[in-house]
Amino acid sequence: MAFLLWTLAALPFVILSAIGLRYLVRGTPVRRVRMAAMHGLEPLEDNDEFRRALELLGQVRFTERNRVELMRCGEDTYPRMFADLASASRSITLQMYYCQPGKLADQLHAVLTERARAGTRVLFLWDAFGSHALSEDYRESLRVAGVEVAVFRPVQWWALEKAYNRSHIRVVAVDGRTGYTGGFGIDDKWLGDGRSADQWRDTTVRFVGPAVAGLQATFAAGWAEATGELLAGEPFFRDGDDWQADDNAEVADQTGHVASNVTAGVMHAAPTTGSTAAERFLALAISGARRNLYISNAYFVPDDDFCEMLGRAARRGVDVRILTPGARTDVRSTRLASHARYEELLGHGVRIFEYQPTMMHAKTIVADGCFGSVGTMNFDNRSLAFNDESNFVFLDDMVAEELERLFSEDLELSSEVILEEFRRRPFTERVQERIFSAMARVL
């Protein structure tokens with residue numbers, strides 16, 4: 001009995017030794033951005049140096065001739081998405097971090113099985129952590145219908161280091177032509193208008209054009225890890241000349257504002273032991289802003305360096321506004337850790353707003369009316385250091401204008417955090433904030 005007790009007591013230390021405690025609590029190293037051309041008077045939209053930096057350091061391959069549509073809630077997103085899936089003839093690739101049983105899961109099952117039986121090649125990659133609630137019966141019935149199903153990074157005792165690095169990616173790609181990404185999942189809490197309790201507010205981007213190849217490559221990397229099969233060529237990747245036929249072929253049943261001929265690309269951020277593409281992208285976005293920088297993020301827990309970057313932007317005259325969840329957040333510990341940063345940021349002139357109606361789950365950035373992103377990346381250490389993430393990145397006035405409009409609408413349903421009022425919060429909250437702030441790297 002004594003031996004068993006000693007063994008159980010030693011087990012956590014053995015696990016931490018095997019994985020590496022420093023690895024589990026690592027942060028990201030970038031402290032500042034130094035690029036002379038980005039600190040002059042040249043407008044961001046005319047700054048070729050900024051685009052090159054995003055391509056080289058953020059690993060975003062920009063392409064032209066993309067059409068882009070933004071959606072702010074489930075009632076906008078899912079009818080459009082399921083219609084696209086039902087129209088697939090060549091291929092469907094689907095990678096989801098979060099799936100739960102319910103109406104959306106049933107609808108997804110129906111459309112995937114119907115397309116697979118019709119001869120479309122359908123691939124579904126689900127994350128072992130975020131989508132574990134999908135039953136084996138659900139997955140097996142997809143396989144019987146001809147859907148190729150694979151699990152991403154299952155938890156195994158001999159590979160515990162992988163369990164910490166999750167794929168937070170969302171990929172929906174239809175015929176290698178139409179793509180979706182954003183914060184959405186396959187769960188009924190995303191249904192609705194994003195304005196009512198228990199109907200989450202999120203932002204999704206639908207895009208058609210060459211940028212979809214970047215989204216497909218993101219899926220291909222995960223599929224190769226999970227199955228050993230590397231996807232290339234047809235039916236997943238369209239030939240570059242194949243886009244010419246689509247230049248004037250956009251369908252007329254759009255539900256939102258559509259921007260054409262958009263310069264855009266997809267950033268696939270993956271974990272590493274040093275600086276990540278996610279960290280470099282976020283540092284460039286903050287440092288590149290000249291006039292305004294609007295960030296919506298569900299889990300906003302910047303570290304010391306990013307607080308300083310945001311503060312420097314505000315001090316140089318940039319209108320920096322952060323929108324994050326209010327009391328209806330689904331992760332209270334993260335909100336408390338976020339609150340620990342508020343006084344510093346507010347003191348620098350950063351404005352902070354908390355969304356009131358429901359959980360605000362969007363992850364968007366828009367700057368200077370010409371640049372931004374929509375994707376899966378949160379403003380916390382987990383996204384920057386540990387997760388695979390997918391972000392659609394654009395350089396376009398029309399898309400930026402639409403994203404700014406959505407941001408403004410959200411602010412009307414939000415409460416601004418005022419420094420003097422915030423300082424009067426209870427002592428017990430301050431204690432909790434310090435506790436969870438100390439744990440911020442692992443939340």
Side-chain angles (χ1 to χ4, degrees), residues 27-58 60 267 275-297 300-324 338-354 363-373 377-381 384 391 393-397 399-401 403-405 407-408 410-411 414 416-420 422-423:
T28 51
V30 174
R31 297 180 180 178
R32 65 187 66 86
V33 175
R34 177 180 296 176
M35 187 161 66
M38 288 175 58
H39 295 288
L41 299 176
E42 187 178 12
L44 188 62
E45 59 262 39
D46 298 326
N47 194 337
D48 290 337
E49 190 71 18
F50 181 68
R51 172 173 172 164
R52 285 197 294 272
L54 288 172
E55 289 183 320
L56 295 172
L57 303 177
V60 181
M267 177 187 68
S275 174
T276 63
E279 178 201 26
R280 295 190 295 269
F281 166 79
L282 193 54
L284 289 169
I286 296 169
S287 300
R290 306 293 201 284
R291 300 188 301 272
N292 52 59
L293 175 66
Y294 302 149
I295 297 173
S296 297
N297 207 271
F300 176 73
V301 192
D303 63 12
D304 291 341
D305 297 324
F306 276 106
C307 281
E308 179 58 29
M309 288 183 208
L310 290 167
R312 280 199 297 267
R315 293 195 298 272
R316 68 174 182 263
V318 178
D319 177 13
V320 182
R321 304 188 190 194
I322 308 296
L323 175 63
T324 194
S338 179
H339 279 186
R341 295 297 189 178
Y342 278 15
E343 287 196 43
E344 176 184 354
L345 292 168
L346 293 168
H348 287 309
V350 175
R351 298 178 68 185
I352 301 173
F353 300 80
E354 293 188 338
K363 304 98 165 46
T364 68
I365 297 172
V366 60
D368 292 357
C370 65
F371 155 76
S373 74
M377 189 177 77
N378 291 309
F379 204 135
D380 63 3
N381 192 62
L384 297 179
N391 266 42
V393 184
F394 63 85
L395 295 165
D396 185 83
D397 295 354
V399 181
E401 180 181 1
L403 199 53
E404 285 185 355
R405 184 183 69 80
F407 188 84
S408 296
D410 287 340
L411 291 193
S414 303
E416 183 168 6
V417 180
I418 305 301
L419 180 57
E420 292 74 16
F422 185 72
R423 282 174 172 161

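This chain uses plain numbering: 1 for the first residue, then up along the sequence. Everything quoted here is computed from the prediction, not taken from an experiment.
Here the CG-CG distance, from Asp305 to Leu310, works out to 11.0 Å after rounding to the nearest 0.5 Å. Note that CG of Asn391 is 9.5 Å distant from CG of Leu282, once rounded to the nearest 0.5 Å. For the atom pair CZ of Phe306 and CG of Asn381, the computed distance is 10.0 Å after rounding to the nearest 0.5 Å. Here Arg51 contributes atom CZ and Leu56 contributes atom CG; the two are 11.0 Å apart, rounded to the nearest 0.5 Å. Interatomic distance, Ile286 CD1 to Ile365 CD1, rounded to the nearest 0.5 Å: 7.0 Å. With values rounded to the nearest 0.5 angstrom, Glu308 atom CD is found 11.5 Å from Arg31 atom CZ.
Judged by distance alone, with hydrogens and angles left aside, the side-chain atoms of Thr276 form a donor-acceptor pair with the main-chain N or O of Leu384 at under 3.5 Å. Between the side chain of Glu279 and the main chain of Val30, a donor-acceptor pair closer than 3.5 Å is present. No donor-acceptor distance shorter than 3.5 angstrom exists from the side chain of Arg290 to the backbone of Asp368, with no hydrogens or angles considered. Proximity of a side-chain donor or acceptor of Asp410 to a complementary backbone N or O of Leu323 within less than 3.5 Å is not detected. With hydrogens and angles disregarded, no donor-acceptor distance shorter than 3.5 Å links the side chain of Arg321 to the backbone of Phe353.
Glu49 has a carboxylate O that lies under 4.0 Å from a charged side-chain N of Arg52, or vice versa, which qualifies the two as a salt bridge. With respect to Arg405 and Glu401, no salt bridge is recorded, no charged nitrogen being found less than 4.0 Å from a carboxylate O.
Within the 4.5 Å cutoff, the side chain of Asn292 has no heavy atoms near those of the Phe407 side chain. Between Leu419 and Glu343, some side-chain heavy-atom pair lies under the 4.5 Å cut-off. Using a 4.5 Å heavy-atom cutoff, the side chains of His348 and Val320 are not in contact. Residues Arg351 and Ile322 fail the side-chain proximity criterion, which asks for heavy atoms closer than 4.5 Å. A heavy-atom distance below 4.5 Å is not found between the side chains of Ser287 and Arg312. Side-chain atoms of Val33 and Leu284, non-hydrogen and from C-beta on, do get closer than 4.5 Å to each other. With a 4.5 Å cut-off on side-chain heavy atoms, Phe422 and His339 count as touching. Considering only heavy atoms from C-beta on, Asp319 comes within 4.5 Å of Tyr294 through its side chain.
Tested against Ser296 for a side-chain contact (heavy atoms from CB on, under 4.5 Å), the candidates Leu411, Thr364, Thr324 yield a single pass: Thr364.
Heavy-atom neighbours of Arg315 CZ from other residues, nucleotides or ligands within 6.0 Å: above the threshold of 12.
Considering all non-hydrogen atoms of both residues, Pro302 and Arg341 come closest at O-NE, 3.0 Å. Ser373 approaches Leu403 most closely through the heavy-atom pair O-CD2, 4.1 Å.
Ring orientation note: the planes of Phe394 and Phe371 are tilted relative to one another, at an angle of 30° to 60°.
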Report task. Any chance you could lay out the side chain to side chain contact (heavy atoms under 4.5 Å, CB included) test for Asp380 and Asn297, step after step, and finish with the verdict? Result -> CA-CA 9 Å; Asp380 63 3; Asn297 207 271; over 6 Å; no
